[in-house]
Chemist: 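Quick one: this structure, given as structure tokens, is what I'll be asking you about.
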Amino acid sequence: MSDVNKTIQKWHASFKKGTDFDSWGQLVEAIDEYQILARQLQKEVQSTNSSDFTEEQKCTQSNEEFKLEDLKKLESIIKNILTYNKEFPFDVQPVPLRKILAPGEEENLELEEEEDAAAGAGSTEAFPPRAPAASQGTLLPRLPSEPGMTLLTIKIEKIGLKDAGQCIDPYMTISVKDLNGVDLNPVQDTPVASRKEDTYIHFSVDVEIQRHVEKLPKGAAIFFEFKHYKPKKRFTSTKCFAFMEMDEIKPGPIVIELYKKPTDFKRKKLQLLTKKPLYLHLHQTLHKDS
């Protein structure tokens, strides 16, 4: 079996698993599968080296919401994508030209950028055209309440950075990891922040943690990665990160420290971003169904 057929079979299996969960009302599990598939498809679409698919076969859904019955129309398309030539059932839109980077690749590109700057390379050239921003984010709704269980809403209020005004299309990626850095919940992105003020970027957005607090394992942590677009290299970079541990979950405001990238999900080698008093400002709300 060719590599491309194996890839399509993997996509189909992931899609079928997601729609099965959806049919059974297991929405969290369904979202996990849909997001895994979405990342696989997006990586293929944005690959500049792949010749397995034609440009006509590379497409992405719009941001509309679809019913399960509509989503199931995609199953036959995924199975037969190499020969599919009918009208696509949903509106499509161009794929952003931003790169999806492998672990470690971002750091290499950052180093190249610093070396170019030191050598004065390209200092008189205009920036390349900006890629369109995924400005809507991927935030998820609050889970259904359960008797005796607690849900956590975290409002990301603002982040303090000395070069806040220079950050292009800034947003946050929120994830919940265990002690080994393994995802416990679906990863979420905030919309792009639109307001900058002095040394602060304001988000003012609520993030619904996708697991009841009582079901989070000991040693888990909630991570916040601050990301922004680098036009010279045409990729989105992680500038810094912060995290909250389980003993910090309590109602009200909290201010947490910022650490240097790369994000250390195992929390073994942490380095503060700066000695300046610049932090991530959050506000927590606990919802308990008694």
Side-chain angles (χ1 to χ4, degrees), residues 98-99 101 103-123 127 130 133 137 154-177 179 181 187-207 219-250 252-284:
R98 302 194 173 184
K99 296 180 181 178
L101 304 176
E105 188 178 357
E106 177 184 320
E107 284 69 35
N108 293 335
L109 287 171
E110 294 277 13
L111 183 59
E112 289 174 18
E113 188 175 74
E114 289 170 6
E115 290 171 349
D116 288 347
S123 58
F127 283 163
R130 278 177 61 185
I154 300 177
K155 178 182 282 294
I156 301 177
E157 294 184 333
K158 60 184 180 180
I159 186 172
L161 295 166
K162 61 182 181 181
D163 57 351
Q166 299 172 29
C167 294
I168 298 173
D169 293 349
Y171 68 96
M172 286 276 185
T173 295
I174 301 92
S175 56
V176 183
K177 310 279 188 180
L179 275 171
V187 177
Q188 304 182 64
D189 292 330
T190 70
V192 167
S194 57
R195 187 161 75 92
K196 302 170 188 176
E197 183 180 70
D198 299 325
T199 56
Y200 287 102
I201 296 173
H202 294 262
F203 286 89
S204 298
V205 63
D206 286 340
V207 179
I222 302 169
F223 282 82
F224 305 85
E225 296 175 272
F226 178 82
K227 299 180 178 181
H228 63 133
Y229 183 54
K230 291 290 192 74
K232 284 188 176 181
K233 295 296 179 180
R234 294 188 181 181
F235 74 94
T236 296
S237 168
T238 301
K239 184 176 182 67
C240 58
F241 72 99
F243 63 88
M244 268 178 48
E245 296 184 313
M246 295 300 97
D247 60 358
E248 296 176 288
I249 295 179
K250 58 193 70 173
I254 182 173
V255 176
I256 55 178
E257 294 178 316
L258 304 175
Y259 295 97
K260 291 181 180 179
K261 66 179 183 181
T263 308
D264 181 8
F265 291 122
K266 295 184 180 181
R267 294 161 269 164
K268 299 291 187 184
K269 298 178 181 178
L270 300 170
Q271 286 185 286
L272 288 175
L273 178 67
T274 175
K275 294 178 181 178
K276 294 180 179 293
L278 298 174
Y279 304 100
L280 178 61
H281 297 250
L282 310 170
H283 190 282
Q284 302 181 76

Chemist: Does E225 offer a backbone N or O that forms a donor-acceptor pair with the side chain of T173 under 3.5 Å?
Modeler: no
Chemist: How many angstroms lie between atom CZ of F226 and atom OG1 of T190, to the nearest 0.5 angstrom?
Modeler: 9.0 Å
Chemist: Taking all heavy atoms of P191 and all of Y171, pick out the closest pair and write down the distance.
Modeler: O-CB, 3.9 Å
Chemist: Does some side-chain heavy atom of K260 sit less than 4.5 Å from a side-chain heavy atom of F241?
Modeler: no
Chemist: Under 4.0 Å between a side-chain nitrogen and a carboxylate oxygen: does that hold for K227 and D189?
Modeler: no
Chemist: Working to the nearest 0.5 angstrom, can you tell me the gap between L270 CG and L258 CG?
Modeler: 12.0 Å
Chemist: How close do M246 and I222 get, heavy atom to heavy atom, and via which atoms?
Modeler: CE-CG1, 4.4 Å
Chemist: Give a yes or no answer on whether the side chain of D264 reaches the backbone of K266 with a donor-acceptor pair at less than 3.5 Å.
Modeler: yes
Chemist: Which value, rounded to the nearest 0.5 Å, describes the distance between I256 atom CD1 and Y279 atom OH?
Modeler: 11.5 Å
Chemist: Taking all atoms of both residues into account, what is the closest heavy-atom pair of M244 and L282, and its distance?
Modeler: SD-CD1, 3.8 Å
Chemist: Taking all non-hydrogen atoms of both residues into account, name the closest pair between K196 and I201 and its distance.
Modeler: CG-CG1, 4.1 Å
Chemist: Under a 4.5 Å cut-off applied to non-hydrogen side-chain atoms, are C240 and L161 in contact?
Modeler: yes
Chemist: Is the closest side-chain heavy-atom distance between L273 and L278 below 4.5 Å?
Modeler: no
Chemist: Find out whether T274 and K162 are in side-chain contact, i.e. whether some heavy atom of one side chain is under 4.5 Å from a heavy atom of the other.
Modeler: no
Chemist: Are K261 and S237 side-chain neighbours, meaning at least one heavy-atom pair lies under 4.5 Å?
Modeler: yes
Chemist: Please confirm whether Y259 and F243 have ring centers closer than 6.0 angstrom.
Modeler: yes
Chemist: Could you state the interatomic distance from SG (C167) to OH (Y229), rounded to the nearest 0.5 Å?
Modeler: 14.5 Å
Chemist: What distance do I154 atom CD1 and I174 atom CD1 have between them, rounded to the nearest 0.5 Å?
Modeler: 8.5 Å
Chemist: So how far is it from L280 CG to E157 CD, rounded to the nearest 0.5 Å?
Modeler: 9.5 Å
Chemist: Heavy atoms only: give me the nearest K177-R267 pair and the separation to one decimal.
Modeler: O-NH2, 4.3 Å
Chemist: Is it true that E197 and K158 have a side-chain N and a carboxylate O under 4.0 angstrom from each other?
Modeler: no
Chemist: Does any non-hydrogen side-chain atom of M172 lie less than 4.5 Å from one of V205?
Modeler: no
Chemist: Looking only at heavy atoms, what is the nearest atom pair of V192 and D169, with distance?
Modeler: CG1-CA, 3.6 Å
